[in-house]
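Following: one structure in structure tokens, then a few remarks.
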Amino acid sequence: MTKDSKGVALLAQIAKGLITYSKHQTATQLGDRSTYVGMSDIGKGAECLRAAVADRLHPGRTASAEQIVRWYQDGEHDRIRAVLRRQLTLQRGHWMEAGFAGVLNSNGANVLHQLEIATEHEGIPIKAHLDFTLVWGWPRPAVRILELKTAERIPDTLYTGYEVQLYGQLGLLHSCWSQPVFSMKDAGGNAVFTNLTFPQAVKKAFGISLPQVPHSVDLEGWVLCLSMSDARAFGPYRPDTSMLHLCRRIASELWMTTQRISDGAESSEKNLSKVPHCTGFHPLCDWCDHADDCPKFTAQELTDPAYDEALTRLTMLKENKASLEASIASEEKRIRSFCQSVGIPSGWLKTNRFRFRTITQTGRKTIDTPLLRQELRNGLGEGAAESLLTRVTRIGAPFQRLYISPRMPEVSATNTLPTQKEV
């Protein structure tokens, strides 16, 4: 066995383990997801109903551990690397969640990890699994739901699906507060408590007495976005009746659409083409398991390998550019910190080949467009303000932008998991 083949064998073992671990964790904490609609399903359905339905009909489109072994034996190492990269991205959230639980516990927080709320709406089973639920009993009863999300780069604004998911969690906690629908398991999947009201669960876990109704409780939700080098908290969000109605409507549509397609005479692929899908550009489309046959990406197949080679080169160049830009920013930050710590009055430092220093520059001037619009409306009136803004607004010339999205490795149909109908 060569050095390269040994390295690929190690990567194959890691990919195989990640897949097995993910399936085990899902089964342990979430159970059979085909038997209920989860909040993450609802969040995805808010942005792309087709993707949410397809996930329920074809949960086995990701590679299996057996396929990793077969790809290694057949020398299809690129497929192994593609699956490994995807699994590392998908599972970093589980690892950060475990670490974050330790952070909260070290602070002495009263925290419920993966609290489950199991309820029904018009006969449709709905479950919410809350990443972290923090509880205070004094000086005023308070509850905080923390939904953890991980990303390569912290977004400026949250995806709609994340907000809908959190609103659903808040809505169910508020509306089901005094109902015996709360349960929790430990890391091994063993029940800590089952079928309690929320006040009963908190009393059992922490000895804290909460009101039997949530109206006097300070209840908020936050989305915590974490990367390997940054963090940002989005919130606070509060229970909203209209958003809870939206979540329930999406759950009904998702459940009924899945059942209709699963019980239909036509193939699920053909029926899926009729399900509404995300039409605009969405960065999560690149990670969708069902993008290849999505109507949004209807494409002419190009068989000449030269196209793949050109796109591969371009993708590698863009990756190298991003890596270089990150390295430049990191090196500049390190040298600026050194200059500030030295504190030379003249500001200049020199080496054999360079002299350098840091200087403070004024910030870039920008116009707060919403504030300007409001001020103009107050001074000129709405009609005159909009007319003025229209006259001074300039639109640049149209331009073309290239979008490149990697296709997921094909998975053998014989190794996919059974559909709901087959179950």
Side-chain angles (χ1 to χ4, degrees), residues 18 22 39-48 51 84-107 109 111 113-114 128-134 144-170 220-238 240 243 278 280-288 291 315 318-337 363-364 366 368-371 401 403-406:
L18 285 170
S22 177
M39 281 299 137
S40 59
D41 301 325
I42 293 173
K44 177 174 284 189
E47 297 191 291
C48 183
L84 176 59
R85 286 194 294 268
R86 179 172 173 78
Q87 287 297 317
L88 287 171
T89 299
L90 293 176
Q91 294 197 40
R92 67 189 173 198
H94 297 302
W95 301 342
M96 282 196 172
E97 183 179 315
F100 194 74
V103 170
L104 294 176
N105 289 327
S106 68
N107 287 337
V111 56
H113 187 199
Q114 287 297 327
H129 292 89
L130 283 55
D131 287 345
F132 301 99
T133 307
L134 278 65
R144 298 288 182 268
I145 295 176
L146 307 182
E147 176 65 24
L148 199 66
K149 299 297 182 184
T150 61
E152 292 285 347
R153 185 186 66 82
I154 303 298
D156 296 325
T157 57
L158 280 182
Y159 297 130
T160 299
Y162 292 172
E163 291 188 324
V164 169
Q165 181 179 356
L166 183 60
Y167 271 123
Q169 294 172 352
L170 283 165
E220 291 180 357
W222 292 77
V223 177
L224 300 179
C225 284
L226 305 181
S227 71
M228 295 305 295
S229 59
D230 198 4
R232 184 174 177 182
F234 293 89
Y237 295 85
R238 299 186 183 278
D240 186 287
M243 290 303 297
C278 173
F281 173 72
H282 198 295
L284 295 181
C285 288
D286 289 349
W287 297 97
C288 180
T315 301
K318 287 192 170 188
E319 290 175 351
N320 290 340
K321 176 185 176 183
S323 178
L324 282 172
E325 289 176 342
S327 297
I328 290 170
S330 176
E331 196 66 22
E332 285 187 342
K333 181 179 179 181
R334 187 173 67 88
I335 295 175
R336 283 198 305 269
S337 297
R364 180 180 300 175
T366 59
D368 186 333
T369 304
L371 179 59
R401 182 173 179 181
Y403 290 108
I404 302 175
S405 174

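The residues of the chain are indexed from 1 along the displayed sequence. FYI, side chains are in, hydrogens and waters are out, and symmetry mates aren't considered; it's all heavy atoms of this structure.
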Quick one, E147 with Y162, criterion side chain to side chain donor-acceptor pair (under 3.5 Å). Give me CA distance, side-chain angles, the key distance, then yes/no.
CA-CA 9 Å; E147 176 65 24; Y162 292 172; over 6 Å; no
Do you know the tightest heavy-atom contact between E97 and L148?
CA-CD2, 3.5 Å
If we ignore hydrogens and angles and just use 3.5 Å, is the side chain of R232 paired with the main-chain N or O of D156 as donor and acceptor?
yes
Nearest non-hydrogen partners of L224 and F100, listed with the distance
CD1-CZ, 3.4 Å
Identify the two heavy atoms, one from A128 and one from M39, that lie closest to each other, and give their separation to 0.1 Å.
CB-CG, 3.5 Å
To the closest 0.5 Å, what do you measure between NZ (K44) and SG (C48)?
8.5 Å
If you look at every heavy atom in G221 and L166, which pair is closest and at what distance?
C-CD2, 3.6 Å
Hey, is the main chain of A326 close enough, under 3.5 Å, to the side chain of S330 for a donor-acceptor pair?
no
Show the numbers, then the answer: is there a side chain to side chain contact (heavy atoms under 4.5 Å, CB included) between L170 and D240?
CA-CA 8 Å; L170 283 165; D240 186 287; over 6 Å; no
Got a second to check how far L226's CG is from I154's CD1, nearest 0.5 Å?
6.5 Å
Mind checking whether L158 and Y237 have side chains closer than 4.5 Å, heavy atoms only?
yes
So, for D131 and H113, which heavy atoms are closest and what is the spacing to 0.1 Å?
O-CD2, 3.0 Å
In Å, rounded to the nearest 0.5 Å, how long is the span from OH of Y167 to OG1 of T160?
11.5 Å
Rounded to the nearest 0.5 Å, what separation is found between the OG atom of S327 and the CG atom of N320?
10.5 Å
For P155 versus F234, what's the shortest heavy-atom pair and its separation?
O-CZ, 3.3 Å
Determine whether Q165 and I42 satisfy the following criterion, side chain to side chain contact (heavy atoms under 4.5 Å, CB included), listing intermediate values before the conclusion.
CA-CA 7 Å; Q165 181 179 356; I42 293 173; over 6 Å; no
Rounding to 0.5 Å, atoms OG1 (T133) and CG (L146) come to a distance of 7.5 Å
Take R153 and S227 through the test side chain to side chain contact (heavy atoms under 4.5 Å, CB included) and record every step on the way to the result.
CA-CA 6 Å; R153 185 186 66 82; S227 71; over 6 Å; no
How long is the span from the CE atom in M96 to the OG1 atom in T150, to the nearest 0.5 Å?
6.0 Å
